[in-house]
Amino acid sequence: MTTPLKVITWVAIRDTCEMTATLHPTEDQIDFLIGPTTDAFEFGFDRPSLRRFIDLAQTSLATLDAGQANSSAQSSVAQS
């Protein structure tokens, strides 16, 4: 039995950051490398946790996009 993840760190991923993924079909896992391979942050997901992460990412992106739309609308009103 595995225990829940417990890592305490902070990672900022910017637009130009290298990203790669490696599929491990025998382990039913995908590993992601963020940054250059010599100095990368690596994390892996099994199928269920990757689905949960994708759902969270989509919801978060929609919230972020809505916030930018609201900010743009407020800026337009302020400039009128």
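Hydrophobic clustering keeps L33 apart from L23 (ILVMFWY residues linked when any side-chain heavy atoms are closer than 4.5 Å, directly or through intermediates). When the side chains of ILVMFWY residues are joined at heavy-atom separations under 4.5 Å, either directly or via intervening members, L61 and V11 end up in two distinct hydrophobic clusters.
Counting Ile, Leu, Val, Met, Phe, Trp and Tyr side chains that sit under 4.5 Å apart, directly or through other members, L56 stands alone, with no cluster partners.
A 6.0 Å sphere centred on CZ of F41 holds more than 12 heavy atoms belonging to other residues, nucleotides or ligands.
The shortest distance between side-chain heavy atoms of D55 and R52 does not fall below 4.5 Å.
Here the shortest heavy-atom pairing between G35 and C17 reads N-SG, 3.6 Å. Taking every heavy atom of both residues into account, I30 and A21 meet most closely at CG2-CB, 4.1 Å.
The ring-ring contact (aromatic ring centres under 6.0 Å, His included) check on F32 picks up F43, F45, with sequence neighbours excluded. For A12, the side-chain contact (heavy atoms from CB on, under 4.5 Å) partners at least two apart in sequence or on another chain are W10, R14.
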